[in-house]
Structure formats: C-alpha cells, structure tokens
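Chain naming here is simple, since letters A, B, ... match the order of the sequence lines and numbering starts at 1 in each.
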Amino acid sequence: MTINSAELPTPKMSASSAGKPTGFSLPRMLLNIVLAFWAALVVFPMLWLLYTSFKTDKEIFFSPWSLPAALQWDNYVRGWVDAHIGDYFLNSFIVVLPSLALILGLSAMTAYVLARFPFPGNRIIFYGFMAGMLFPVFLALIPLFFLVKDLGMLNSFPGLILVYTAYSLPFSVFFLTGFFKTLPSELHEAAIIDGANQFQVFFRVMLPLAQPGLLSIGIFNFLGMWNQYLLPLVLMSDAKHYVLTQGLAYMLHQQYYQNDWSALFAAVSMIMIPTLLVYSIFQSQIQKGITVGALKG
Amino acid sequence: MYRNKYRLIVPFLIPSLLLYVTFVLYPYGRAMYISLTQWRGLSKPPVFIGLENFSKMLGDSNFWNALGNNAFYIITLPLFTIGLALFFAFVLTQGARFARFYRITFFFPQVMSMVAIGVLWSFVYHPTIGFLNSFLKLVGMSDPPVWLGNPDYVLSALSGVAVWQAVGFFMVLFIAAMESIPATYYEAAMIDGATQWNIFWNITIPLIWGTVQTALIFIMIEATSMFTITQTMTEGGPSRGSEVLSTYLYHEAFINSNFGYGTAIAVALFFLTLLISVILTRLLRRESLEF
C-alpha cells in the first residue's frame, strides 16, 4: 500500500464537512433504509437465537417467532453439561493459549533476528517463511495428517498446538519483521555500549518496544485459532478432545437423531455471548488486528 | 554491535525453523508426490501411478460438479461482498448518521467462528423452526423453499451466509483506505459540481484501487474454498448439490480413504487458486496513483 494516513493533513471527509449539508444526490432516506436493513439483518438472527435459547422445544417448533413463555435456564445447563460445551471450551483454551504464547515468542525471536542481523542465508530463510503464505492449507492436509499420526500425536493437544504454531509462523514472522525494522538502531547500540549482551537487548529493549505489533498479531492469531475448524477436524477425531468449533458442528449434526434443539440454541448463545462482550469492549483493536492481514498484504 | 551475534541468531532461529520445515514445508512438498500415487489405506504404502489421478479427475463428474459449485461462488461472492462493502464504506465515510454504530455492527460476524455462523443460519433456514420461512409464509408465500434441502436453492443460501459474514470485514478495510483520501479532493470536486456518483467512481475508486485489488483476491480465495460453511451446514448435500472441491477432497481422503486421489484434487485446487490470482492481478492492473 502506498497510502499512509499519518502523513496526510486532514484525513477525514466528515471532519471538514461536519455541520454543512453536503447532500447526497441519492435520496438520503433510501440510504438510511438500506443501512438500517443490513443492521437488522446482522442483529436480528442473533437476537432471535438469544431469545429462542430460552424456549421449550415445543415452543421452538410451533411458534418460531414468539418470545418464550417462561425462561428455560435448564437449556443452558443441558448445553453446558450434557452436550459438553463446557468441556469443549476448556479444550479450546488448552490448545489456543499455549499456541498463542509459542507463536508470539517464536515469531518475535525469528523476526527480530531476520530484521536486524545481516548473516549469510538471512534472505533465504525470510523468503522460505513467506513461501508458506502462498499455499492453501488443503494442499498440506493429507500429508500433515500422516505426519502427525507417525509422530504419535493424533488426538493429542501438543500435536495440535505444534501444528497451529507452525502454520501461524509465516504471517507472524512477516508482520513482525516489518515491525522490528522500523525500530531505531541507536537504541540497540546504546544498550550494547552500556554493557548489555544481545539477549538483554532483545528482552529488555526491543521486545517492550514491539508491544503494539505483538498485540495486533496476537489478536489476529487468537481469533484465527479459536475459530479454526479444518485442522482439528482432521487431527482430533476423539470426541473427548474436541475443540469448541468441532463440538458445535458435532452437536448440530447430532440433532437429526436427538432433537434437543433448545440445548443447541443455548450452546450457540454461550459461544456467541462472550465473543460479543469481548468485541464490544475491544472493537477498535479487534478490527485493526483482523484487518492487519489484508492491509499489509 | 553485532559482537557474538551467532550466539543469539542460532537459538532464536532453530525452534521456529524446525517447526516450520517439519509441519509446513515437508507436507507441502510431500503432497506433490502423494498426488501421483494410489493410496488406499492407513497400513498400506502409497503406490506410484504417475498422472493417473489427474486423468481420472477429468472424467469424474463429481469433480466437475464441485468445480461448478465453486465457480458459482467465484462469481457471486465478489460481486455482492465487494459491491456492498464499497457502498457501505462510501456512505459511512461521507457522514451518514450512526456511522460508528453501523461500522461496529456490520463487522461483528467477522469475529464469530464460521461454525457458529453456520449453525445459526442452519436454524434460520430450517423449514419448521427457522424464522425465515415462517416470515415468508406471513407475507403470503404459500410454500417457501426448503433452502438447504433443495439443490436449486442451496448454493444461493450458502452464498448469502458467506456474504453476510464477509461484508463487514471488507467494509472496514475500505473505510480505512477511504479515510486516508485528503478531503480537499472531494471539496474541489464538489465545487466543480460533481455528483456523489461521479465522486465515487472518479475519485474514491481510483484512489483505493490497490485495496480493492487485495480485497478481490482475498474473497476469491474464500470462494475457492468455502469449506467450513459447507461442511457445517450441508456437508456438501443435498445429493452433492453444494459440494465444493475442498469438501470433496476431504470426503475422498478422510471418509473414503482415497488419499492419493484426495491429494490430487488438493493440487488441482492449488493451481486453480494460483491461476485466479494471476488472472486477477493482470486484469486489475492499473497505474497506481500516488498521493
């Protein structure tokens, strides 16, 4: 991208035109209706899901629109306990948190070295990592399954953690290399003159300065892994180790035999509500974190 | 400054290189070989058969059916997603009311997992419990379609979900690009009597063209996959009506144990993605505007 908003004097149209009726040539009314319609299209299905999750199965079947006659909290208990949503949540955390720590640590170390130390092979390693972004994960899927199987790590948390980490490296290294390149080298020199060794420079000086970059890459990877479905589907076939996305898909496919719709509605709500809360608090950081992949691409 | 640098470089690089080569590069390389083999079982080794998998693919009606379904998404997803996202981004940067609220709301589906979205929309489309059909009946449609159970409607239904999910993401991307256009450009155009329509086509679009290009490639890549939505909502059904290459190769490999053929489809999918990216980049190339 050639656009750099920081260098531009008045970035926002609305700032200069506020108060003046700039006037749409399309009727304003129509635009507002379209916007409101799309907002309703986003909000209503979720709202419907939420209030339906408190209904009985009978109500769900015979009056899809109506509000619940009484709040069926029991749906949530069945979803959390009997349908194992609680276990799936735990499994997701067990996989995603260590993966995230590994990715942030490893990609920061790798990116730092590639960004700031000239040595033979530096470029080859950098482009080697970049190559990983070119291929769709489907291409690796079948050999990956057999590799993980041969390593005895199918159906194991460490197996999935290592795979998540490995597949997150290319973009994270790419992003953080760019980031470390922008840090001033005077700081590095000053610290060395003050008697710090290379490790101290990294951990005490460079890593703290890289925090904004680590935050973006952290949000990007957290959501990517939390919502990942393909890799656990192939590598975790034991229902006890299902992560949240697998558990949810499994519940949906089970409905054709079991017919406990109310518990399923409750399960989806339990997954949606924390996401909604976290998003409403950190929405601007999250928007930045997610779109970072495309803006730098 | 670089004293003893290898003491840092080596331990900092080795762990990530090891992970990356083992779990990423090696499987990609191995896929090329496996696509040239017949490999039926977990215990039996792969047998080299040359290009046989690929010639089988040419005569495989299921493969062409899946490719056709991908083609449907390759046309509909960019058209509706990018179209709507550009429209919303433009309106919201031009000082529409409640712009902040709309921006936050429209983006939300992007944060939810595709599986949760798939389950939610399976409910919405459901012929008895879903609100969509009971709404359609309410407004007078006597026999609304079974969206996910009818091969004539299933692709449109899934495509709708994908668009619903993606519009907010691309809108935020376009807003970021549009906000960096200097306001003076718009002011000058308005003094010259340009309409909003003119401004959109002659100022906004050319100045954010780079972002539009990136966005098109992103959405195309999604259109060539569509795995999670399809696998969650229909598993490729009814009667392969929504099967795409990614779900087809998944079923061939992990349900039917045709690992060689499944990998060959993955290779075809890779070249399809590559081809589309190259064609798009060529078609969309314009002189980039610096400002």
Side-chain angles (χ1 to χ4, degrees), chain A residues 1-3 5 8 10-14 16-17 24-25 31 35 39 42 45 48-49 60-61 64-65 106 109-110 113 117 119 132 135-136 138-140 142-144 147 162-163 165-167 169 189 192 198 227 229-230 245 248-249 252 261 268 271-272 275 279 283 286-287 290-291 294 297, chain B residues 1 5 8-9 12-13 15-16 19-20 23-24 27-28 30-31 34 91 93-95 102 104-113 115-116 119-120 122 124 128-129 131 134 172-173 177 179-180 182-183 186 195-197 210 214 218 227-228 232 246 253 259 262-263 266 269-270 273 288 290:
Chain A
M1 292 236 343
T2 51
I3 297 164
S5 59
L8 299 166
T10 45
K12 271 185 203 171
M13 180 63 192
S14 48
S16 61
S17 57
F24 283 103
S25 53
L31 288 176
L35 287 171
V42 172
W48 173 75
L49 174 89
I60 291 175
F61 266 91
W65 283 89
L106 290 178
M109 281 157 44
T110 308
V113 167
F117 291 88
F119 63 91
F135 303 103
F138 288 100
L139 188 57
I142 292 158
L144 181 68
L147 174 70
L162 291 180
V163 170
T165 308
Y167 280 85
L169 280 173
E189 285 158 19
I192 294 282
Q198 297 288 4
N227 296 335
Y229 180 56
L230 178 66
T245 48
L248 196 57
L252 177 69
W261 289 97
V268 188
I271 289 165
M272 207 179 67
T275 319
Y279 175 64
Q283 53 87 19
I286 289 175
Q287 287 192 3
I290 292 183
T291 47
Chain B
M1 179 176 170
K5 67 176 178 182
L8 178 90
I9 292 174
F12 270 33
L13 280 182
S16 43
L19 269 180
Y20 179 65
F23 288 104
V24 182
Y28 280 132
R30 177 112 175 116
I34 292 180
V91 173
T93 48
Q94 296 286 298
Y102 286 130
I104 294 172
T105 308
F106 291 2
F107 188 80
F108 179 63
Q110 188 61 39
V111 188
M112 286 172 74
S113 74
V115 175
V119 176
L120 172 62
S122 302
V124 174
T128 42
I129 68 168
F131 71 77
S134 67
V172 165
L173 212 67
E179 279 181 343
S180 62
Y186 289 115
T195 63
Q196 291 287 332
W197 189 248
T214 313
F218 262 59
F227 180 80
T228 304
T232 310
S246 58
F259 296 105
T263 311
L269 179 62
F270 164 62
T273 317
S288 71
E290 300 271 349

Name the option with the most non-hydrogen atom pairs under 4.5 Å to chain A; the candidates are B:T105, B:V24, B:T263.
-> B:V24
Does the side chain of B:I129 reach to within under 4.5 Å of the side chain of A:W261, using non-hydrogen atoms?
-> yes
If only atom types and distance count, is the side chain of A:Y229 paired as donor or acceptor with the main-chain N or O of B:T232 below 3.5 Å?
-> no
Smallest separation among heavy atoms of A:P143 and B:P27, with atom names | CG-O, 3.4 Å
Report the option among B:T273, B:V124, B:L120, B:I9 that has the most heavy-atom pairs separated by less than 4.5 Å from atoms of chain A.
-> B:I9
Chain B contacts, top residue of A:F119, A:F61, A:W65 (heavy-atom pairs, under 4.5 Å) = A:W65
Heavy-atom distances under 4.5 Å only: say whether B:I34 touches chain A with side chain, backbone, both or neither.
-> side chain
For residues A:L252 and B:S122, report the shortest heavy-atom separation together with the two atoms involved.
-> CD2-OG, 3.7 Å
A:L169 versus chain B, heavy atoms under 4.5 Å apart: side chain, backbone, both or neither?
-> side chain
Can A:T245 and B:S113 be counted as having a side-chain donor-acceptor contact under 3.5 angstrom?
-> no
Under a 4.5 Å heavy-atom cut-off, does chain B meet the side chain of A:Q283, its backbone, both or neither?
-> side chain
Which residues satisfy the side chain to side chain contact (heavy atoms under 4.5 Å, CB included) test with A:L162, sequence neighbours excluded?
-> A:M153, B:L19, B:F23
A:W48 vs B:F131 aromatic rings, parallel, tilted or perpendicular, using cut-offs 30° and 60°?
-> perpendicular
Sort out for me which of A:L248, A:L230, A:L144, A:I142 touches chain B most, counting heavy-atom pairs under 4.5 Å.
-> A:I142
Listed partners of A:F135 passing side chain to side chain contact (heavy atoms under 4.5 Å, CB included), at least two apart | A:L139, B:Y28, B:F270
Heavy-atom contact with chain A under 4.5 Å, split by part of B:L269 | side chain
Is it the side chain or the backbone of A:L147 that comes within 4.5 Å of chain B heavy atoms, both, or neither?
-> side chain
All heavy atoms of B:V172 vs all of A:Q287, minimum pair found to be CG2-OE1, 3.7 Å
Partner chain B: residue of A:T275, A:V42, A:I286 with the largest heavy-atom pair count (under 4.5 Å) | A:V42
Heavy-atom distances under 4.5 Å only: say whether A:F138 touches chain B with side chain, backbone, both or neither.
-> both
For A:V268, is it the side chain, the backbone, both, or neither that has a heavy atom closer than 4.5 Å to a heavy atom of chain B?
-> side chain
Shortest non-hydrogen contact from B:Y20 toward A:G132 | OH-N, 3.0 Å
